[in-house]
Every structure is written in structure tokens, then in C-alpha cells.
Protein chains: 2
Amino acid sequence: MTYRDASGRRLTDYPRPSVAVDAAVLTLTDAGLAVLQVRRQDGGGWSLPGTFLHEGERLIDAVQRALRTKAGVDGLRPRQLGVFDDPHRDDRGWVLSVAHADLVPPAQLEARERLWTRVVPVTAPGRLPYDHAEIIRRAVSDARRRYAEHPDPDHLLPETFTLRELRLVHEAVAGHPLQRDTFRRAVEPLLVPTGATVVRGPGRPAELFERAES
Amino acid sequence: MTYRDASGRRLTDYPRPSVAVDAAVLTLTDAGLAVLQVRRQDGGGWSLPGTFLHEGERLIDAVQRALRTKAGVDGLRPRQLGVFDDPHRDDRGWVLSVAHADLVPPAQLEARERLWTRVVPVTAPGRLPYDHAEIIRRAVSDARRRYAEHPDPDHLLPETFTLRELRLVHEAVAGHPLQRDTFRRAVEPLLVPTGATVVRGPGRPAELFERAES
DNA sequence: TAAATAGTGTCTCTCAGACACTATGTC
DNA sequence: GACATAGTGTCTGAGAGACACTATTTA
């Protein structure tokens with residue numbers, strides 16, 4: 001059967017845009033927050049990994065496919081940031097892009113294809129096509145907002161960790177130092193003490209904590 | 001010239017989804033937050049106003065067109081909420097929907113086509129197709145989050161208003177009463193006093209305030 | 001012992017919440 | 001005068017920020 005809309009037109013009578021996905025995959029380096037980029041196919045330069053949506057595919061699956069095939073990275077679960085819809089944003093034609101973002105531990109990018117990818121600080125992302133610089137800015141502020149509310153929501157740390165390790169991660173995401181005692185009193189109620197202690201370097205042994213069940 | 005992607009396919013070789021927009025237009029009634037709905041074209045029932053994106057059109061323009069042609073409402077500026085992308089969400093075919101939301105004063109819905117539209121409380125939206133119930137929930141929580149941070153960001157009130165009027169609007173959006181003195185101390189630093197006072201009903205005259213420039 | 005880190009006591013300042021009081025209008 | 005609303009003083013408790021102290025390890 002053929003569905004028609006209010007003007008009597010069939011669905012297929014409407015011109016349809018291409019729909020792409022782009023992903024700002026952030027991680028932590030010694031220099032702070034950094035973003036994964038891939039070489040552009042056409043000519044030089046770098047861009048965020050992205051791809052066109054395939055028929056019947058979900059957006060999240062397209063993002064994961066782009067990361068797998070273009071960067072050799074697997075197992076991420078990016079979140080939707082928003083749609084970029086300027087009809088002239090892509091000179092290849094009418095392309096909507098749904099921006100995504102994730103923040104993952106460096107180990108998850110270890111297996112990446114190094115010839116075609118790079119990880120650069122978000123403060124110096126280089127020259128990027130389309131709206132990719134804006135996508136990175138949104139990804140960073142989204143990560144900062146979430147880390148300001150919960151302890152390591154993106155599991156950058158393993159199951160158990162010391163409060164020092166947690167604070168260093170939060171400082172790297174926030175981009176500025178955090179007060180040691182205030183930070184402890186803010187996050188400790190949201191963590192589960194394990195009772196175990198560990199020694200990492202000099203200083204008194206630190207207790208190990210877990211995230212609360214959620 | 002013809003652009004090709006990494007697999008050598010032309011852009012137009014990819015099947016493309018239809019892209020729709022839907023809008024949850026909220027307003028205030030005596031019963032609190034309410035949402036604008038339009039009659040469904042196919043058979044009975046109600047839905048949020050929406051339409052298919054036209055070629056080269058921006059999403060915001062499609063939303064405004066839908067509100068104008070389907071509800072007779074003009075001059076709104078809905079914000080993007082997110083993309084609904086379940087390939088089977090619409091049995092007419094592969095349709096992505098970009099959800100939008102706005103919150104407007106009742107006067108802005110005065111001119112609406114009453115035969116084809118209704119305004120019902122968000123707490124009892126009726127049976128709705130697609131993801132429209134979820135869109136309303138997101139629109140409400142988005143409005144509540146923004147009203148918790150700024151005084152009347154959506155200009156439900158005119159340029160000048162008393163603190164009582166402002167508080168009643170915030171209570172209606174929040175869905176629960178707010179403490180009079182605490183509310184005043186929280187928002188007064190964000191407002192500009194005009195010096196003028198007005199008498200509305202019994203009681204001591206109240207000062208008129210304006211929103212801060214922004 | 002010196003240095004480094006962990007954990008905690010404590011003071012101050014701010015602010016939300018709550019109660020109450022004074023001020024000024026309508027009926 | 002009775003009542004309703006506007007505006008403000010003030011107390012309390014929670015929490016952030018800051019400083020300092022004790023505790024426990026490595027080198």
C-alpha cells in the first residue's frame with residue numbers, strides 16, 4: 001500500500017537528504033583532553049571519523065561502524081549531541097550530520113590504525129572541515145558537565161581506584177586543578193569503600209574505592 | 001563533478017531516509033504546563049505537529065512551517081531536543097525524526113486553528129503516535145531545567161513584571177510551589193528594578209522588574 | 001630524617017530554607 | 001478593621017573553600 005501525506009504526496013516523492021554521523025572521541029593524554037582524528041580521504045588534512053547512514057541502520061550503529069572501519073576502534077558508545085543542518089555545510093550535496101561524542105580511556109584507542117589516525121589536544125585540534133571544531137567544543141563541555149556531577153561516569157578508571165587517581169582524572173577533564181580535601185568530601189558519599197589499601201609510590205597507603213551501583 | 005566516498009560510491013548511490021521534524025509546543029494554562037496537538041490526517045487521534053523536511057530547508061524552518069500550516073501558529077523558535085532513529089518507528093517507511101521544543105505564552109497560541117488543534121495538560125497527553133509522548137517528557141524536563149537557572153528565559157511574561165507574577169510562572173513550570181522569600185532572593189540579583197510600582201488587586205503595591213540585558 | 005601522600009579537624013563564608021515581622025494597599 | 005500582598009530581618013543547617021594538623025609510607 002502507498003501512504004500519502006496531507007498534500008497527497010507519497011513519502012518517496014520528497015527529496016531526501018543524505019544523513020551522516022560524526023563522532024568526537026575524547027580521551028586523556030599527558031597534555032589533557034585529546035580528540036581522535038582520521039585522515040581525510042580526499043586530499044590532505046584531518047577530520048573527525050564519520051560516515052553516511054546505511055539503510056535501516058541506527059545512528060549509534062553507524063557511528064560504531066565509522067569508528068571500526070575508519071579508525072580501527074571498537075566498543076564505544078557515543079552519545080548524541082545534535083544535528084548540524086546547514087544545507088551548504090557539505091559541498092558534495094545536501095547532507096545532515098548527527099554529531100556524537102564519547103570519552104574513553106587511552107587503552108581503548110591503543111588498537112587504532114596509527115597510519116590513518118591521530119590523537120591531538122582539544123585545545124589545538126588543527127584545521128577541520130565542516131562543523132567539526134564546534135562538535136569538539138560541545139563534546140568537551142558535555143564531558144565537563146557530566147564529570148562535575150558524578151565520579152568518573154565514563155569509566156576512565158578501572159573498577160577500583162584511589163581518590164588521588166580519581167581526582168587527577170577529574171582535573172584533566174575539567175582542565176584545572178581541584179582542591180584535594182574539598183574534592184574528597186564531595187565525591188566520597190558517592191563511592192563505595194572497599195577496605196583495601198594500596199601503595200603507589202611514596203606516601204601513606206591510600207584506600208581503594210568503587211563506583212556506587214547504578 | 002561527482003564526489004565519491006571511500007568505497008567509491010557516489011553520494012546519491014546511498015539510500016537516504018526521509019527526515020521529519022516534530023515539535024512539542026508547551027504553554028501555560030490554569031492546569032499548568034500544556035502541549036499543543038493537531039488532529040492526525042489519517043483517521044482519528046492527535047499528534048504533535050510535524051512535517052517532512054523539504055529540499056535545502058533548515059530544520060528550524062521546517063518546524064516553523066509545520067506550526068504555521070498545521071496549527072496556524074507563527075513566530076516560534078523551537079530548540080532541538082534530539083533525533084529519534086528507530087528504523088521501524090514509522091510504518092510508512094524509513095523516517096528519522098528530529099524532535100524540537102518551545103515554551104510560549106498562551107497569547108501566542110490564540111490564533112491557532114481550533115478545529116484542528118487542541119492544548120492539553122502534559123500530565124494527560126492522551127494516546128500519541130510514534131515517540132511523541134517521550135518528546136513531551138523531554139520538552140518538559142528541558143523547560144524545567146532552564147527555568148531553574150534563569151528568570152523566565154522563554155519570555156512568558158511581558159517586558160516588565162512583578163516578582164509575584166514571575167514566581168507564579170516559575171511555579172507553574174516547575175509543577176510545585178516555590179518559597180516566596182527564597183525565590184525573591186534567588187532571582188532579584190538577575191533582574192533590573194524599574195523603580196515603578198503597580199497595584200494588582202489587594203495588597204501593598206509591588207515593584208516592576210525587567211530581565212537583565214543578555 | 002626528609003619528602004610525599006592520605007585522611008581529617010576546623011574555621012569562615014555563602015546560601016537555601018524557614019519563620020516572622022513591618023509596610024501598604026483593597027474591601 | 002479584616003485581609004491580602006510586598007518587602008525584609010534573622011536564625012539555622014548544609015556545604016564549599018581554605019588552612020593546618022596528624023598518619024604512614026618511600027628514599
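The chains referred to below are lettered A, B, ... by the order of the sequence lines, with proteins before strands, and numbering in each begins at 1.
When rounded to the nearest whole Å, the span between CG of A:L208 and P of C:dA6 equals 11 Å. Taking atom CZ of A:F183 as the reference point, atom C1' of D:dG15 lies 16 Å away to the nearest angstrom.
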Distance-only donor-acceptor hits, side chain of residues 118-128 of chain B, under 3.5 Å, sequence neighbours excluded:
residue : atom : partner : partner atom : Å
B:R118  : NE   : B:Q37   : OE1          : 2.8
B:R118  : NH2  : B:Q37   : OE1          : 2.9

Using distance only, find each side-chain donor-acceptor pair of residues 171-179 of chain B under 3.5 Å and give its atom names and separation, not counting sequence neighbours.
residue : atom : partner : partner atom : Å
B:E171  : OE2  : B:R167  : NH1          : 3.2
B:E171  : OE2  : B:L178  : N            : 2.9

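Annotation: salt bridge (charged side-chain N to carboxylate O under 4.0 Å, His left out) contacts involving residues 25-36 of chain A, sequence neighbours excluded, are absent. Among residue pairs with one or both ends in residues 189-199 of chain B, none qualify as salt bridge (charged side-chain N to carboxylate O under 4.0 Å, His left out); sequence neighbours excluded. Residue pairs meeting the ring-ring contact (aromatic ring centres under 6.0 Å, His included) criterion with at least one partner in residues 22-51 of chain B, sequence neighbours excluded, are absent. Counting only residues at least two apart or on different chains, the salt bridge (charged side-chain N to carboxylate O under 4.0 Å, His left out) pairs with a member in residues 198-208 of chain B are B:E165-B:R200. For residues 75-85 of chain A, the pairs satisfying side chain to side chain donor-acceptor pair (under 3.5 Å) are A:D85-B:R58, with sequence neighbours left out.
Using a 4.0 Å cutoff on non-hydrogen atoms, the parts of residues 156-180 of chain A near DNA chain C are A:R164, A:R180, ordered by number.
Side-chain to base pairing of B:R185 with D:dG7: no donor and acceptor N or O lie closer than 3.5 Å to each other. Side-chain to base pairing of B:R184 with D:dT5: no donor and acceptor N or O lie closer than 3.5 Å to each other.
Interatomic distance, A:D152 CG to A:F161 CZ, rounded to the nearest 0.5 Å: 6.5 Å.
Annotation: side-chain contact (heavy atoms from CB on, under 4.5 Å) contacts of B:A139 (sequence neighbours excluded): B:A24, B:L26, B:L81, B:A101. When the side-chain contact (heavy atoms from CB on, under 4.5 Å) test is applied to A:E159, the partners found at least two apart in sequence or on another chain are A:H155, A:R211.
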Could you pull out the protein-nucleic contacts involving nucleotides 12-14 of chain D (nitrogen or oxygen on both sides, under 3.5 Å)?
none

Tabulate atom names and distances for all N/O pairs under 3.5 angstrom spanning the protein and nucleotides 25-27 of chain C.
residue : atom : partner : partner atom : Å
C:dG25  : N3   : B:G203  : N            : 3.4

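Ion pair A:R65/A:D61 not flagged as a salt bridge, since none of the NZ, NE, NH1 or NH2 atoms sits closer than 4.0 Å to an Asp/Glu carboxylate oxygen.
Considering only the side chain of B:A206, D:dA6 comes nearest among C:dG7, D:dA6, D:dA18.
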